[in-house]
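Lettering of chains follows the sequences in order, A, B, ..., and the numbering in each one begins at 1.
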There are 2 protein chains.
Amino acid sequence: MPAGGTARASSANNKRGKPPVLTEDQIVDAALEVIRTEGLEALSMRRLSRELGRSAMAAYWYVEDKQQLLNLVAKKMLAEVPLPDPESGTWDERLRKVVAAIDAKLREHPGIAEILLQRMLSTDRRLMNGVFEILISAGFEGPETFLTYAMIHTYLFGRYQVVLHADEVPDEEQVDNLEDAVATQLPHLERLRGRDFFSYGVDTIIAGLQARLDAKANA
Amino acid sequence: MPAGGTARASSANNKRGKPPVLTEDQIVDAALEVIRTEGLEALSMRRLSRELGRSAMAAYWYVEDKQQLLNLVAKKMLAEVPLPDPESGTWDERLRKVVAAIDAKLREHPGIAEILLQRMLSTDRRLMNGVFEILISAGFEGPETFLTYAMIHTYLFGRYQVVLHADEVPDEEQVDNLEDAVATQLPHLERLRGRDFFSYGVDTIIAGLQARLDAKANA
DNA sequence: ACCTGAACACCGTTCAAGT
DNA sequence: ACCTGAACACCGTTCAAGT
């Protein structure tokens with residue numbers, strides 16, 4: 001049972017001109033690249049090994065299983081997300097900044113959102129702490145902090161799973177149903193971009209959280 | 001290319017004591033049952049065929065591919081969700097009712113949430129219309145209606161993807177990090193149930209939406 | 001009309017073996 | 001220490017064939 005720590009390779013091997021050897025970093029980067037260019041569903045352990053020019057099982061010396069690889073991939077991405085300065089504005093301004101920074105990274109690697117959605121706690125601890133500090137500074141206490149964090153998490157990463165399949169959008173023939181409330185609104189849908197959905201949702205969540213804080217203050 | 005319409009079988013076959021034949025309904029029910037008892041990841045086309053006592057390809061006569069089967073499964077579940085009477089209360093009371101009714105069904109078949117999260121438009125049209133009508137009656141207009149619908153959709157179905165893996169929750173040794181904002185809040189997490197996360201999120205979203213409506217009214 | 005069987009091109013992972 | 005190769009138990013789907 002190998003693959004315990006984070007730095008596995010290069011500890012004692014390339015001290016004397018040995019052939020180049022894989023590193024965990026190379027493996028994670030190769031995985032990220034496959035996800036970036038072809039999506040998460042294209043990433044298989046066998047595909048990854050082809051990318052690395054090794055046999056199918058090579059990566060298993062560095063990683064216990066596929067789930068652990070996905071953990072590492074998600075953590076690596078989140079590690080690059082900057083945290084706003086704690087003094088840099090009101091709690092909601094700072095929350096908007098982190099959330100926008102995470103979203104920017106997700107736009108580069110949309111497949112990662114699916115991994116992260118399922119892992120609320122095993123994410124980058126630095127980032128999670130940053131968000132918790134923002135929420136606590138806003139005035140959330142006790143269980144509320146987790147409830148709020150979970151809600152933001154769900155929306156932020158869940159959003160990327162909601163895809164509009166082209167064949168779902170009905171065409172002209174459906175417009176005849178004037179009784180259909182959805183049909184009457186459909187023309188608006190074409191003008192909406194992912195960005196619109198994102199900022200509308202974030203703004204609404206923050207407005208709702210502010211209402212909670214206000215209600216607490218008047219009690 | 002068979003499997004065009006919804007009612008495929010039993011139109012002309014069991015009129016004269018022929019051997020019993022599969023129906024789309026049986027197939028969808030068998031799929032629902034597998035999802036209910038073992039989760040979505042346990043449902044494969046081959047597993048389904050075993051459940052039906054047929055060969056691996058039997059279901060393909062009724063369904064074009066696995067995606068279409070999942071569409072049918074999701075629609076069947078949503079078709080059972082009751083819509084509240086349009087006169088039965090304020091918009092937010094009615095919205096809470098639909099959303100709670102959907103959540104009740106999801107608790108029976110948690111795997112379905114994953115299917116639905118990815119299909120915002122190809123859901124039960126009756127239900128989607130019901131929600132749209134509630135939103136329009138609340139005062140949302142134009143693109144706002146879609147933005148609001150999408151937000152509710154994302155939270156409602158995304159929530160079921162957020163699972164707390166037992167091995168993620170750190171134990172006593174992490175409590176030493178008193179600097180760690182997350183660690184200080186961890187004791188609260190154990191007392192929280194799925195229900196708490198659900199109602200906290202729904203309440204916050206509704207509060208945020210109400211704030212939007214209020215802002216519109218004062219303009 | 002309804003279903004079977006074989007086949008293809010994949011998966012993740014175990015385990016023994018090679019260098 | 002680091003990796004290969006074969007094998008196992010799976011997938012979804014195509015396509016020809018059976019009744």
Using the P atom in both, what is the distance from D:dA9 to C:dA9, to the nearest Å?
22 Å
Take the protein atom [atom1] of [X] and the nucleotide atom [atom2] of [N], then report the distance between them rounded to whole Å.
| X | N | atom1 | atom2 | result |
| --- | --- | --- | --- | --- |
| B:Gln67 | D:dC11 | CD | P | 16 Å |
| A:Glu24 | D:dC2 | CD | P | 13 Å |
| A:Leu43 | C:dC10 | CG | P | 15 Å |
| A:Arg46 | C:dT14 | CZ | P | 13 Å |
| A:Glu41 | C:dG12 | CD | P | 13 Å |
| A:Met45 | D:dC10 | CE | C1' | 17 Å |
| B:Leu70 | D:dC11 | CG | P | 14 Å |
| A:Glu64 | C:dC15 | CD | P | 13 Å |

Any ion pair linking A:Arg191 and A:Asp196 (charged N to carboxylate O, less than 4.0 Å)?
no
Between [atom1] of [X] and [atom2] of [Y], what distance do you get to the nearest 0.5 Å?
| X | Y | atom1 | atom2 | result |
| --- | --- | --- | --- | --- |
| B:Leu189 | A:Thr145 | CG | OG1 | 11.0 Å |
| A:Asn71 | A:Thr123 | CG | OG1 | 10.0 Å |
| B:Ile35 | B:Glu33 | CD1 | CD | 10.0 Å |
| A:Thr204 | B:Ile152 | OG1 | CD1 | 9.5 Å |
| A:Met57 | A:Met45 | CE | CE | 7.5 Å |

Among [options], which is the nearest nucleotide to the side chain of [X]?
| X | options | answer |
| --- | --- | --- |
| B:Met57 | D:dC2, D:dT14, D:dC11 | D:dT14 |
| A:Ala58 | C:dT13, C:dC3, D:dC3 | D:dC3 |
| A:Ser44 | C:dC3, D:dC3, C:dC11 | C:dC11 |
| A:Tyr62 | C:dC3, D:dC2, C:dC11 | D:dC2 |
| B:Arg54 | C:dC3, D:dA7, D:dC3 | C:dC3 |
| B:Trp61 | C:dT13, D:dT13, C:dC3 | C:dC3 |

Less than 4.0 angstrom between a side-chain N/O of A:Tyr60 and OP1 or OP2 of C:dT13, yes or no?
yes
Is the shortest side-chain N/O distance from B:Arg50 to OP1 or OP2 of D:dC11 below 4.0 Å?
yes
Answer yes if the side chains of A:Tyr62 and A:Asp25 hold a donor-acceptor pair under 3.5 Å, and no otherwise.
no
5'-most contact on DNA chain D: B:Asp65 or A:Ser55, nearest heavy atom basis?
A:Ser55
Counting Watson-Crick and G-U wobble pairs with both distances under 3.5 Å, what is the dot-bracket string for DNA chain D, 5' to 3', using [ ] for crossing pairs and | for pairs to another strand?
||.|||||...|||||.||
Counterpart residues, ring pair (Phe, Tyr, Trp, His ring centres under 6.0 Å), relative to B:His153 (two or more places apart)
B:Phe157
